Amino acid sequence: MGIKGLTKLLADNAPRGMKEQKFESYFGRKIAIDASMSIYQFLIVVGRSGTEMLTNEAGETTSHLVGMFSRTIRLLEAGIKPVYVFDGKPPDLKKQELAKRYSRREDATDDLAKATEIGNKEDIEKFSKRTVKVTPQHNDDCKKLLRLMGVPVVEAPSEAEAQCAALCKAEKVYAVASEDMDSLTFGASRFLRHLMDPSSKKIPVMEFDISQILEELELSMDQFIDLCILCGCDYCDSIRGIGPQTALKLVRQHGSMESILENINKERYQIPDDWPYEEARRLFKEPLVTDDEQTELKWAAPDEEGLINFLVKENGFNIDRVTKAVEKIKTAKTKSSQGRYELLSKNLLMVNDVGKNCHSLNFFKS
DNA sequence: ATTCTGTCTCAAGACGAA
DNA sequence: CCCTCTTGAGACAGAAT
DNA sequence: TTAGTCC
């Protein structure tokens, strides 16, 4: 669920922290992506009609592979270096939320059974989408595919979004691309939305800059985290009667959650019993992530033979499509290995934020 | 009369031929 | 032992100020 | 731009 209403709150109160960018301006950039979210979308939409999906000869779903394969090629061709981050075990505080989602899926499964019995096509379509879930098998398939393509895979110990943000903070990647606003709360310095939306949709990439946002809101990062908890996050309930607007007002007025809790009218606002805001805060501020300085992210050459084995022989892909794709990856790789620096100095690449970032020593690194 | 919250519903890819 | 893992936006009703 | 296919 991310943070409720945060996009609108930022659009209204910190517009300078968000700016539109062209897809092309991310040439040569390393970008961290939450894999589960992508896989989920592919399972819902790729090749689905009714309960039918794309499958291999054994009848196993391949929608996630088809989607992941073509999307990753698209990114590589644009000179973007993607890092896919996979979820580990969710934190205990999220269990409640996950239980709700589980029961919602159960409901949808029942609804689907009824619709199938009656034969209502629209309902079958609708409910079957709601029963979709990402399994460990889907994740393993995609990890294998990405490694064969030469794209780095990171396995997060816990939340993928938190791991993405950590990579960004450590300047191992330039930005986190996601549709989930949690990324900002986890402290990603740069956060991109709509990176994957095709240009035909005419939606520009929206880049969020956390330091700019904090400056404009006149909040510290700790205060921003308290703000997000008040708005409503996955880790604990929000307080009835407090939404984004009042949350911002309260944080600005009192400065911290402790002070807010001391000062607000407890008659009007009922604080839940044993409200675990401190633990939620800790999960955002110090999430469980791996931070091995040694491991360098590497974009290797694709393993053509391995890809043909996996995609064509095991999963029924068209062989021409795969061999053509391998060529695309190779040429994209030589082009982008030339790097951002050469292209910038030859004026082959136009970006509008050069001046702002040039002072950073790590400008060309990520 | 607004402003705000809570709840419910929907929609979510990508390629290439025509 | 079970099972484990995505979400934002918009419309609308109704409460609070 | 749009309807069909990808497996």
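Everything quoted here is computed from the prediction, not taken from an experiment. Side-chain atoms are counted along with the backbone in the values below, which use heavy atoms only and exclude waters and symmetry mates. Within every chain, numbering begins at 1; the chains are lettered A, B, ... in the order of the sequence lines, protein sequences first and strands thereafter.
- Backbone-only contact: A/Lys133 has heavy atoms under 4.0 Å from sugar-phosphate atoms and none from a base.
- Using a 4.0 Å heavy-atom cutoff across all strands shown, A/Lys126 reaches sugar-phosphate atoms only and no base atom.
- A/Ile242 comes within contact range of the sugar-phosphate backbone alone, with a heavy-atom separation under 4.0 Å but no base atom that close.
- If you take CG of A/Leu248 and C1' of B/dC4, they are 14 Å apart, rounded to a whole angstrom.
- The ring-ring contact (aromatic ring centres under 6.0 Å, His included) test applied to A/Phe284 returns A/Phe186, A/Tyr235, not counting sequence neighbours.
- Nucleotide B/dA14 holds its P atom 8 Å from the CG atom of A/Asp197, rounded to whole Å.
- Classification of the A/Phe208-A/Phe191 ring pair by plane angle, with boundaries at 30° and 60°, yields tilted.
- Of the candidate nucleotides C/dA16, C/dT7, B/dG13, C/dA16 has the atom lying nearest to any side-chain atom of A/Arg268.
- A sub-4.0 Å separation between OP1 or OP2 of C/dT6 and a side-chain N or O of A/Arg105 is absent.
- Scanning DNA chain D 5' to 3' for nucleotides with an atom closer than 4.0 angstrom to a non-hydrogen atom of chain A gives a first and last hit of D/dC6 to D/dC7.
- Geometric assessment of A/Lys143 against the ring of A/Phe86 yields a positive cation-pi assignment under the 6.0 Å and 45° thresholds.
- With a 3.5 Å limit on both pairing distances and Watson-Crick or G-U wobble geometry required, the stems of 3 or more pairs in DNA chain B span B:1-12 with C:6-17, B:13-15 with D:4-6.
- At a threshold of 4.0 angstrom between heavy atoms, the contacts of A/Ser178 with the nucleic acid are absent.
- Residues A/Lys333 and A/Glu327 are not paired through a salt bridge, judged by the lack of any N-O separation under 4.0 Å between the basic side chain and the carboxylate.
- Residue A/Gly241 is in sugar-phosphate contact alone, with no base atom involved, counting any heavy-atom pair closer than 4.0 Å across all strands shown.
- At a threshold of 4.5 Å between non-hydrogen side-chain atoms, the residues A/Ile271 and A/Ile264 count as touching.
- Ranked by how close their nearest DNA chain C nucleotide is to the 5' end, A/Tyr269 and A/Thr135 are led by A/Thr135.
- Checked against B/dG6, C/dA9, C/dT17, the side chain of A/Thr7 finds its nearest nucleotide in C/dA9.
- Annotation: cation-pi geometry not satisfied between A/Arg321 and A/Phe69 (NZ/CZ under 6.0 angstrom from ring centroid, within 45° of ring axis).
- Residue-level contact check: A/Asn318 touches the backbone only, with heavy atoms under 4.0 Å from sugar-phosphate atoms and none from bases.
- Nearest nucleotide to the A/Lys328 side chain, out of C/dG8, B/dG6, B/dG16: B/dG16.
- One interatomic measurement links the two molecules: CZ of A/Arg130 to P of C/dT7, which rounds to 17 Å at whole-angstrom precision.
- If A/Phe86 and A/Met181 are placed on DNA chain C by their nearest nucleotide, the residue sitting closer to the 5' end is A/Phe86.
- Of the candidate nucleotides C/dA9, B/dT5, C/dT6, B/dT5 has the atom nearest to the side chain of A/Gln245.
- Other residues, nucleotides and ligands place no more than 12 heavy atoms under 6.0 Å from the NZ atom of A/Lys298.
- Near-neighbour residues of DNA chain D inside residues 250-258 of chain A, defined by a heavy atom below 4.0 Å, are absent.
- At the heavy-atom level, A/Thr246 lies under 4.0 Å from the strands shown only through sugar-phosphate atoms.
- Comparing B/dC10, C/dT7, B/dG13 by their closest approach to the side chain of A/Met37 singles out C/dT7.
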Review item, side-chain donor-acceptor pairs of residues 309-316 of chain A, under 3.5 Å, at least two apart:
residue	atom	partner	partner atom	Å
A/Asn315	OD1	A/Asn56	ND2	3.0
A/Asn315	ND2	A/Phe310	O	3.0

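- Across residues 44-59 of chain A, A/Gly47, A/Leu54, A/Thr55 each have a non-hydrogen atom less than 4.0 Å from an atom of DNA chain D (numbered order).
- By the criterion of side-chain heavy atoms lying less than 4.5 angstrom apart, applied directly or through intervening Ile, Leu, Val, Met, Phe, Trp or Tyr residues, A/Val176 is not grouped with A/Met206; the two fall into different hydrophobic clusters.
- When both pairing distances are held under 3.5 Å, C/dC3 makes no Watson-Crick or G-U pair with any nucleotide shown.
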